[in-house]
Asker: 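The structure under discussion is supplied below as structure tokens; questions concerning it will follow.
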2 protein chains.
Amino acid sequence: MAIEHWAEEDTEMADRTEGTSHRPAPVHTHPDDVPLLTALSALADPVRIQLVRDLAGHPDWALSCSNFDVPVGRAAKSHHFSVLRDAGLVEQRDQGPKRLNRLRREEFDARFPGLLDLTLRTDDTE
Amino acid sequence: MAIEHWAEEDTEMADRTEGTSHRPAPVHTHPDDVPLLTALSALADPVRIQLVRDLAGHPDWALSCSNFDVPVGRAAKSHHFSVLRDAGLVEQRDQGPKRLNRLRREEFDARFPGLLDLTLRTDDTE
DNA sequence: CCCAGTGTTCGATGGCCATCGTACAGTGCT
DNA sequence: AGCACTGTACGATGGCCATCGAACACTGGG
């Protein structure tokens with residue numbers, strides 16, 4: 001299960017409609033291949049929760065990584081997106097120099113029913 | 001929100017200046033007072049997941065701490081139960097030298113709908 | 001009263017992880 | 001070409017946390 005249909009390789013050339021990328025494509029993990037512990041660990045971080053929530057508040061592919069307003073530097077932010085990809089929470093697509101993001105709502109919810117909704121709608125009163 | 005109703009009764013000793021128990025009662029946190037991040041962090045640990053699952057497989061108050069078969073020493077186990085208490089996942093009650101446990105299913109589920117069920121029934125394929 | 005069983009606390013340790021700064025690599029624009 | 005922008009890779013660092021061993025505290029029973 002969980003077929004990665006992404007296969008993009010550093011093909012030397014050929015003009016493509018939109019795909020000619022000499023840049024390593026982001027590695028994705030399908031939610032079906034994600035252990036529960038990985039999913040929980042991914043969401044057990046304040047910055048990543050904020051990223052997910054922010055992402056949920058915008059249309060798919062609307063936000064590039066730099067558009068997220070989190071109190072960490074670029075390096076850490078990049079790391080967090082990597083974690084979110086590995087947890088099957090985020091899908092990324094390159095467009096120009098930017099890396100657009102999409103929350104994998106349905107796929108993730110199919111694997112971990114309710115977890116994403118919980119993360120999005122729980123009001124953190126403390 | 002979250003009233004702790006602690007009226008443990010059965011101690012015979014009439015003379016109670018303040019609980020004849022000479023042992024510090026376990027400190028509990030009601031799920032309503034638990035931030036999402038705390039709940040997720042509590043469950044983002046393999047040993048604690050195992051504890052919760054094991055607990056769910058037995059009737060309330062059926063298991064004392066030593067009855068759980070996890071690959072850690074007593075000290076670490078005690079620490080894990082402390083974390084679970086702070087996350088509103090476990091309630092403990094002293095009986096003799098033992099400390100009996102109960103999974104706070106309904107209260108926790110009311111605060112984080114689906115999270116506990118998810119933890120209990122997700123099959124970890126890897 | 002001692003003892004065995006149970007659980008907590010303490011200090012120490014090792015490892016993992018979030019973060020930073022910097023350097024580097026692609027991309028598009030002028 | 002050069003440049004600004006975007007994101008990643010790398011090494012280092014600091015902190016948090018899971019774990020252990022040992023010491024301690026409480027309980028009930030012989």
Side-chain angles (χ1 to χ4, degrees), chain A residues 8-13 15-28 37-38 40-51 61-87 90-101, chain B residues 8 10-13 19-28 37-38 40-51 61 63-87 90-101:
Chain A
E8 184 77 27
E9 204 43 48
D10 71 329
T11 50
E12 187 54 27
M13 201 20 284
D15 39 16
R16 208 72 84 61
T17 35
E18 180 167 46
T20 318
S21 176
H22 295 281
R23 172 165 49 162
V27 178
H28 290 87
L37 187 60
T38 303
L40 292 176
S41 300
L43 291 172
D45 179 281
V47 173
R48 288 194 287 266
I49 287 184
Q50 190 173 340
L51 288 177
W61 312 121
L63 297 179
S64 70
C65 299
S66 60
N67 289 335
F68 293 82
D69 183 30
V70 283
V72 294
R74 298 178 292 283
K77 204 188 292 189
S78 180
H79 163 67
H80 284 305
F81 275 107
S82 171
V83 173
L84 292 177
R85 278 199 313 269
D86 293 348
V90 165
E91 184 181 351
Q92 291 184 319
R93 174 221 286 178
D94 287 345
Q95 173 177 307
K98 307 194 165 185
R99 186 155 279 192
L100 305 183
N101 299 276
Chain B
E8 277 322 315
D10 276 291
T11 30
E12 292 300 323
M13 323 290 201
T20 321
S21 176
H22 291 156
R23 175 163 49 162
V27 178
H28 290 88
L37 187 60
T38 303
L40 293 175
S41 300
L43 291 171
D45 179 282
V47 174
R48 289 193 288 265
I49 287 184
Q50 191 173 339
L51 288 177
W61 312 118
L63 297 179
S64 70
C65 298
S66 60
N67 288 336
F68 294 83
D69 183 31
V70 282
V72 294
R74 300 181 295 286
K77 203 188 289 187
S78 179
H79 162 68
H80 284 305
F81 275 107
S82 171
V83 173
L84 291 177
R85 277 198 315 268
D86 292 348
V90 165
E91 184 181 351
Q92 290 184 320
R93 166 194 171 197
D94 288 344
Q95 172 178 307
K98 308 195 166 186
R99 186 155 280 191
L100 305 184
N101 299 275

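In what follows, chains are A, B, ... by sequence order, proteins preceding strands, each numbered from 1. Owing to the predicted nature of the structure, the values given are computational and were not obtained by experimental measurement. All values below come from the heavy atoms of this structure, side chains included, with hydrogens, waters and symmetry mates left out.
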Asker: For R23(B) and dC26(D), give me the distance from atom CZ to atom C1', rounded to whole Å.
Answerer: 6 Å
Asker: Measure the distance from NE2 on H79(B) to C1' on dC20(D) and round it to the nearest whole Å.
Answerer: 13 Å
Asker: What is the distance, to the nearest angstrom, from the CZ atom on R99(A) to the P atom on dA25(C)?
Answerer: 16 Å
Asker: Rounding to an integer number of Å, can you tell me how far K77(A) NZ sits from dT8(D) C1'?
Answerer: 14 Å
Asker: When you check the phosphate oxygens OP1 and OP2 of dG7(C), does a side-chain N or O of S64(B) lie under 4.0 Å from one of them?
Answerer: yes
Asker: Kindly determine whether L40(A) and I49(B) satisfy side-chain contact (heavy atoms from CB on, under 4.5 Å), including the steps that lead there.
Answerer: CA-CA 11 Å; L40(A) 292 176; I49(B) 287 184; 4.2 Å; yes
Asker: Using a cut-off of less than 4.0 Å, is there contact between a side-chain N or O of S66(B) and OP1 or OP2 of dG7(C)?
Answerer: yes
Asker: How close or far is atom P of dT19(D) from atom CZ of R48(B), stated in whole angstroms?
Answerer: 8 Å
Asker: Report the distance from atom NE2 of H22(B) to atom C1' of dT8(C), rounded to the nearest whole Å.
Answerer: 18 Å
Asker: With a 4.0 Å cut-off on heavy atoms, is S82(B) in touch with a base, just the backbone sugar-phosphate, or nothing at all?
Answerer: nothing
Asker: Need to verify one output field. Residue with the more 5' nearest nucleotide on DNA chain C, G96(A) or V83(A)?
Answerer: V83(A)
Asker: In whole angstrom, give the distance that lies between atom CZ of R74(A) and atom C1' of dT22(C).
Answerer: 10 Å
Asker: Taking only the side-chain heavy atoms of D45(A) (C-beta and beyond), determine which of dT9(C), dT8(C), dA18(C) contains the nearest atom.
Answerer: dA18(C)
Asker: Rounded to the nearest 0.5 Å, what's the gap from CZ on R74(A) to SG on C65(A)? Could you check?
Answerer: 12.5 Å
Asker: Would you tell me if any nitrogen or oxygen in the side chain of H80(B) comes within less than 4.0 Å of OP1 or OP2 on dC17(D)?
Answerer: no
Asker: Compare the minimum distances between each of dT19(D), dT19(C), dG21(C) and the side chain of A76(A), then state the nucleotide with the smallest one.
Answerer: dT19(C)
Asker: Run Q95(B) and S64(B) through side-chain contact (heavy atoms from CB on, under 4.5 Å) and show every step you take.
Answerer: CA-CA 9 Å; Q95(B) 172 178 307; S64(B) 70; over 6 Å; no
Asker: Nearest of dT8(D), dT27(D), dA22(D) to any side-chain atom of P97(B)?
Answerer: dT27(D)
Asker: What distance do D86(A) atom CG and H28(A) atom NE2 have between them, rounded to the nearest 0.5 Å?
Answerer: 10.0 Å
Asker: Given 3.5 Å as the limit, does a donor-acceptor pair link the side chain of Q50(B) with the main chain of D69(B), or not?
Answerer: yes
Asker: I need the CG-C1' distance between N101(B) and dT8(C), as an integer number of Å.
Answerer: 14 Å
